[in-house]
Amino acid sequence: MSGGKPSPAKKRKAPAAAAAAAGSKKLSAGVGALLARLEATNAVFLEVSAQQTVAAQLKAQQSAAARLMAEEMAAKASATSPSLASLPVDKAELARRAERRARFQEEQAAAAAAAGVKMKEKTLVELRSEQGVARGQNQSLEKEYLRLTSLPSAADVRPPEVLAQALELVKRRWTEGCEYTGPRGACDQLKSIRQDLTVQHIRNRFTVQHIRNRFTVQVYETHARIAIEVGDWAEFRQCHSVLQQLYGEGAPGEQHEFTAYGLLLAAATGRSVLAHELSDALSASESGLGAAIAASSSSGGGRGSSRGPSSSSGGGGGGSWGPSSGSGSSKAGGVWSRLGGAEPGSSTAAGAAHTAATADAAAVADDRFVGHALAVCRAFLGNDFVNFLRLYESAPRMSPYLMDALLAKMRSKAYSTVLAAFQPSVPLSALAGWFGFTKKKEAAAFLREKGAVVVDGSLDVKASRAAAAALAAEAAAAAAQDARR
Amino acid sequence: MSFASYIQAVASAINRQDGAQLRELVAAGSAAAQQAVFAARQGNPRWNPAAATSRLPEGWAEFLALHCACLAALQEGKRVEAYDKVVAALQPFLKVFREDSGAWVVAPMHSVVHNLSSVALAADAELRAAGQRPDKLGDAGDQLRKCFSVSLQAPGNKDKKLAALDIVNVSIKIYFRLNTLRLCKNLIRTVDSRQFADFDAFPASQRVTYKFYVGRLAVFDENYQEAQEALEYALAHCHRGAARNKALVLKYLVPVQLLLGRLPTPALIAAHGLHQYEPIIAAMRSGDVKLFNDTMEAQQFRFIQEGTYLLLEKLRYAVYRRLLRVVHGVHAQLEPEKRTQIPLPQFQTALALQGVPLDMDEVECVAANLIFRKYVRGYISHKNEVMVVAKADPFPPLAQASLTD
């Protein structure tokens, strides 16, 4: 290229014409050079493309040859048996096959897109680990209940302020008469509030804030009361057990009211359940706020000492952790005292728990809810139908609903008692009072159901006894038949 | 005792097949074990028992290593971890129990089983304090079922069956605490079955414990005759010096006897300190309803905690019956020609005199129940407000009453 550029010195020396001539010469030289360069690259390009075309041609030739071979084979094969290979593998077929291969890609793409979206949303757990606290972001007051199958995302969960408003909304709607079941029903809404609470660990005692605990208690109490009113015993039992736990942790709420409901439910279930519920109720009362640990172990101790002769082994008495008389060194003594701190086992601990228990338990039983419930249990078990009905009249808050379950059994037992004890007849007016019917007509209907014989406004005892015996015999025969089957 | 000498003691007990000694050493409350583990941990904070126990026979080595790890965890206050260790220790122990052909392994089984139960209790206390669900005791019950089935199979030596009753007792204790009493029924059925070893072959303490629980379960089922038999067996076979145990048995036996109409002598009450029943017994003797009601109200919590409240409530009718009998006697004296009748207003007055004012409806209810439950033979005429009783034996003995609800 050095020839194409006249030296600047020469250019200055030459006159304009010479310059013009030199310029045109330069131009053509430059153009020539450019062309040469272009040609060079073009040549390379052409070569490459030529090679490519050559390669493509080769490939095409090869595939053609393969196709031919396949066709030959197919022809051979089809001569023997028809199969998929006998399909002509032409362009259309290849296109169809490519389409089939790609049939899931759309769905996969959609799923990937969705997963991509989910991964962008933060779950509560991530929030908590990042910021140390997890607060939900959902602001809606109504939310349908769905069982959680994975970690909840922060955008779905409602923070406590919203939950408080949601609870108020549920309460208001319930008093106005909304329904219980269904996605907008009270049960569903309450369950989703409970879920949001649990998921944000507002129940956890280590988050400490008592305000939150009080709210949690309110939610469960509300749901429990509504469940009683409707008769949803499964839900009530759930709420009841959670409430017992919360009260045990020291959360403030209507502890006695729900102890009473627990007792009434247990009475409807059976004697041994009631016995256990009773002892649970009174031992739960021993704990004050935050004394739950001591209470559970000391009540365990109190019960442990009454649990019967323990066969002797290793250490001493009821538990194996009390300081054994044989321990010698002071080091071991230190160990013992550490171990023996909150453990059941020593009788003095049980005794101390006992006196504390009587004082607190007196307070529990004096409470109007629990006192009433205890009286109901006594009356129910003692078949004291007259007092039972009087207690029914004076039942506080939701107790009447719970007593309804007992009422049916009580009435039927009362009827058997009357049949066994009275002769010759009992007027309906008296019976109505004893069975808890305000109108004689209702009493008459009840009696008719039992197969009683009512004459002149009085129950004819003898005839009714016969009828009852006949009914019982029928029932026994039916039961025997069922058993045989 | 240092850890090395502890292992030495264990090894020699295994070699000598000394079941009793091994039981002592392996009990969770054993002072020797506690000291040894404590000393080892003081010496080396990262001490691992597995190294030291490796010289023991196979199976025992793993068991003891895990057992010591459990003790170490307890000393550090990590009870839930200790429970996991004790459950892990169960597997190698059951293996040696199965494989060893001597009956001496029965004694260590007792320790293992008791360890399981007490550590589970401790672990549950810790879980409860942390606000979590205490499910370790239930898990212990499941583990015990494994021990029970191994013991029943008694592979290699029939005498291994003697481990079974103790396992049953511990399991029943756990079920009582958890209030899953229906699970006890299966255990009792197995004990009563023929494949179980002869009942008298077991040590007295285990038999007493077992009968005690059978009695209490019978009370729950309202099977009072059976309860009385079981509890009386327990009392009779109780060791002469075990005053506390006797008092416990009597605590449940006395109410059952009272229901059946047998009142204990003052000497018995004084001997065992059962003074809580004195007012009840007095009320039953005299028909003093007011005394009965007051006592029940005052001692409500105590009786509930002892588990006898519902049982004692049943005695109310016995007290009413007594009072009615007195009224019947008085009326018979005043109006001999109407001796089979008891005017209900007189019953009402008698109650009012005691300080128990009941209205007529309540009085009729009480009277009706007395007849319904066969405390009294007769009937009530509502119109005349009179109870007419049978001429012969109007007040049959209490044991004949229908005591179930």
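Chain letters run A, B, ... following the sequence lines, proteins first and then strands; every chain starts at 1. Since we're looking at a predicted model, the values are computed, not measured.
- For a residue to count as touching a neighbouring chain, one of its non-hydrogen atoms must lie under 4.5 Å from one of that chain's; by this rule B:I371 touches chain A with the side chain only.
- Within the 4.5 angstrom heavy-atom criterion, only backbone atoms of B:L311 (N, CA, C, O) approach chain A.
- The local environment of NZ in A:K409 is crowded, with over 12 non-hydrogen atoms from other residues, nucleotides or ligands closer than 6.0 Å.
- A:S416 touches chain B through backbone and side chain together, each having a heavy atom under 4.5 Å away.
- Only the side chain of B:L181 comes within less than 4.5 Å of a heavy atom in chain A; its backbone stays farther off.
- When each of B:V388, B:L370, B:N369 is scored by its heavy-atom pairs under 4.5 Å with chain A, the top score falls to B:N369.
- For the pair B:R177/B:L121, a side-chain contact is recorded, criterion being any heavy-atom separation below 4.5 Å from C-beta on.
- Only the side chain of A:A430 comes within contact range of chain B, with heavy atoms under 4.5 Å apart.
- The minimum heavy-atom distance between A:G436 and A:R411, with the atom names listed, is O-NH2, 3.2 Å.
- Both the backbone and the side chain of B:E362 come within less than 4.5 Å of a heavy atom in chain A.
- Looking at B:D359, the atoms closer than 4.5 Å to chain A (heavy atoms on both sides) all sit in the side chain, from C-beta outward.
- By the 4.5 Å heavy-atom criterion applied to side chains, B:M109 and B:I167 are counted as neighbours.
- For A:N383, the parts sitting under 4.5 Å from any heavy atom of chain B are the backbone and the side chain alike.
- Other residues, nucleotides and ligands contribute at most 12 non-hydrogen atoms within 6.0 Å of the OH atom of B:Y379.
- For the pair B:F38 and B:Q75, the tightest heavy-atom approach, listed with the atom from each and the gap, is CA-OE1, 3.5 Å.
- The pair B:K185-B:D221 meets the salt-bridge criterion, with a side-chain N (NZ, NE, NH1 or NH2) lying under 4.0 Å from an Asp/Glu carboxylate O.
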